[in-house]
**Student:** 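The following block contains the structure, expressed as structure tokens.
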Amino acid sequence: MSQFDLENEMRSALRMDAPLTRGPQMKWQQKKSTDPGNLSLNSSAANGSLLSSNKTPSKHGIPPAASQSKTPSSQDMGRKTPKSAGAHKTPSKGSKTPKKTPKAADRFIPNRTTTQFDVNHFKLMQDPKGENGPQDMMSPSQVEYQRVMSENLNGDRLAHRIMSYKEKAPAAPEEYTVFQNTGHQGDLRVLYSTTKTPASAKKTIRHIPQVPERILDAPDILDDYYLNLLDWSVNNQLAVCLGGSVYLWNASTGDIKQLFQVDGPEEYIGAVSWIKEGNYLAVGTSSGEVQLWDVAQQKRLRNMSGHSARVGCLSWNSFILSSGSRSGNIHHHDVRVADHHVGTLSAHTQEVCGLRWSPDGKYLASGANDNLLCVWPAQSTINTQPLHTFSQHQAAVKALAWCPWQPSLLASGGGTADRHIRFWNCNTGTNLSSVDTKSQVCALLWSKEHRELISSHGFAQNQLIIWKYPAMTRVAELTGHTARVLHMAMSPDGETVVSAAADETLRLWKCFSVDQEKKKTKTKSVGKDPGSTLRTMIR
Amino acid sequence: MASTVRQCITLKGSTEIVAEFFDYAINSILYQRGIFPPETFTHKQQYGLTLLVTTNDELLKYLKTVIGQVKNWCQELIVQKLVVVIKRVDTNEVVERWQFDIQCDKTVNSKTKRDKTEKEVKEEIKSIIRQITATVTFLPLLESVCSFDVLIYTDKDAEVPFNWGESGPHFITNSEEVRLRSFTTTIHKVDAMVAFKKTD
């Protein structure tokens with residue numbers, strides 16, 4: 001074979017891109033080739049011959065007592081991972097016991113950290129003569145095995161001494177240790193722990209599930225843009241009008257019950273609205289009646305007539321119930337007195353489809369099919385004129401929502417021809433901003449927890465859009481409905497939004513989930529609340 | 001003329017270099033880790049760096065004794081490791097362990113001369129000292145008052161001098177290790193490493 005060597009070498013030298021076959025051997029290859037020799041060399045203590053070939057002679061330069069029992073590789077191992085050896089555990093534990101006796105100590109406690117009992121015991125018990133006997137009988141591999149085992153068990157402790165000066169290093173001056181936090185280490189703390197500020201750890205983006213949490217069937221729900229067929233009470237009951245019946249869905253238990261059904265086959269329900277306390281439900285019918293129902297008793301308390309056409313929207317302001325009708329009139333009903341009709345607002349010429357009292361009860365916003373948005377003062381007389389009339393919308397104004405954190409900020413959304421969400425300052429009567437949504441705006445809700453609002457849309461995507469306010473950037477789009485999303489309501493905890501669409505489904509979206517820390521503070525404040533409500537009750 | 005004399009390294013010269021390095025390294029650690037108040041340190045130009053060395057008399061005396069002994073052992077080529085242990089004063093728990101592995105070339109005697117300039121060695125030392133300074137950025141902050149101790153690993157047959165005693169290795173339970181650079185005078189090779197308690 002040797003006659004080919006030259007040829008092979010020539011070939012490999014000429015081929016530049018071939019893998020390196022010449023060059024120095026890798027370390028493991030070297031080791032492999034010298035391995036059998038290594039064993040015998042070790043046992044025969046012929047260290048000198050190894051020295052010349054090894055690149056790190058100092059490793060072998062240790063006196064024979066130590067180096068005889070070591071191959072270079074295992075020595076390295078022993079040094080790098082000394083803690084992995086089981087025998088080390090005891091001394092490190094022992095080092096925890098105080099070395100210096102406390103200042104006020106009255107007893108002498110002997111320091112045993114330096115006395116390595118286990119090693120000493122091992123050394124004492126080890127009979128050199130007795131061990132040499134069987135060692136001679138053992139094969140080189142057995143000797144090697146024993147050596148490695150003893151190294152693993154004892155570590156490299158037997159190979160060296162650890163010395164320390166008995167007079168310990170002086171302690172830092174006391175005034176420094178006392179004021180350490182304001183001193184040098186305080187500076188270090190400022191320099192190197194500023195990244196741990198909660199501000200940077202705070203999540204800026206919230207996870208919004210893209211799929212509804214639940215889907216409920218809503219058969220026979222009317223596909224009519226001008227009605228308001230959905231409302232969620234403070235008692236966690238959802239009122240839904242399906243044609244001529246009103247159904248209540250208990251969101252906590254999931255129970256469904258039918259509250260009532262209108263008599264005539266042509267009649268239907270045009271609007272529902274819960275009173276703030278959640279025990280009464282106001283219902284507007286196609287015949288122009290406004291009814292008041294006690295939900296617990298499932299009993300009609302009042303039937304308030306007065307409208308000449310169907311009632312499509314309702315809104316409560318404590319005991320005043322406002323209702324908007326197809327005639328364009330808005331009636332105020334005082335539900336406590338027999339003569340309930342206490343005010344009429346007539347500025348709209350077409351059907352009123354959006355009606356919303358501001359949270360502080362100062363303003364009533366109304367939107368109608370005549371493309372007008374009116375803001376009314378709370379005190380109304382027979383000839384009340386609207387405080388502001390906004391005519392910027394190019395279509396019917398159905399979606400209305402008052403901002404929960406900024407009083408007198410109103411958001412309104414227009415219909416198919418308009419497609420804009422507009423923001424109004426009702427104190428000054430100015431248009432703050434507007435955004436084109438590219439789709440019919442059917443409903444609007446503000447989040448209670450986040451500086452966000454959600455809008456529901458019709459053609460083409462039938463989606464819900466969550467907007468950041470005031471930047472009006474889209475946070476998320478929730479798709480799933482297959483027809484226009486006509487109505488929305490928010491759960492009393494503000495986390496879930498229910499949407500009702502013309503595809504006869506209700507979908508529950510958990511899009512405003514509150515993070516745990518905030519929730520804690522919130523429940524605390526809620527815990528205080530009963531007292532305050534009690535006080536108002538007594539008064 | 002002087003420069004040609006310094007061209008090679010003898011055992012004695014190597015020992016001086018190593019001992020001097022330990023002196024500055026320990027001083028740097030004590031300053032950087034805030035073991036001693038910063039106002040007790042003074043600036044000194046060395047290795048082309050501005051280093052801080054202590055002015056505390058007790059500490060100076062202690063370091064002088066310890067480094068002096070290390071020097072003796074270096075000269076005898078029986079030192080294996082120098083370890084600076086930083087532990088909490090209140091619990092005595094070891095929180096940091098600076099380990100300098102020293103490999104001595106045992107073939108050297110007082111007459112051997114090695115070809116390596118002092119300048120080259122000092123360049124290597126410079127990079128280690130720089131690394132020690134830089135470790136402050138990743139080492140966990142020492143929350144409580146800490147003290148330090150110096151352990152020296154020697155060969156088994158080393159004599160224990162007066163006032164020295166054997167000690168435990170002072171390992172850190174649950175530690176993380178970071179290797180630093182090394183330098184060699186061709187007679188002594190020093191590998192630096194720092195181990196610190198894992199924070200989680």
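Residue numbering restarts at 1 for every chain, and letters A, B, ... go by the order of the sequence lines.
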**Student:** Under a 4.5 Å heavy-atom cut-off, does chain A meet the side chain of B:V150, its backbone, both or neither?
**Tutor:** backbone
**Student:** Just wondering, are more than 12 heavy atoms of other shown residues or ligands nearer than 6.0 Å to OH in A:Y145?
**Tutor:** no
**Student:** Other residues, nucleotides and ligands only: do more than 12 of their heavy atoms fall within 6.0 Å of CD on B:E58?
**Tutor:** no
**Student:** Quick one: closest heavy-atom pair of A:Y165 and B:N163, and the distance?
**Tutor:** CD1-O, 3.6 Å
**Student:** Count the heavy-atom pairs under 4.5 Å between each of B:W164, B:F148, B:Y62 and chain A, then report the option with the highest count.
**Tutor:** B:W164
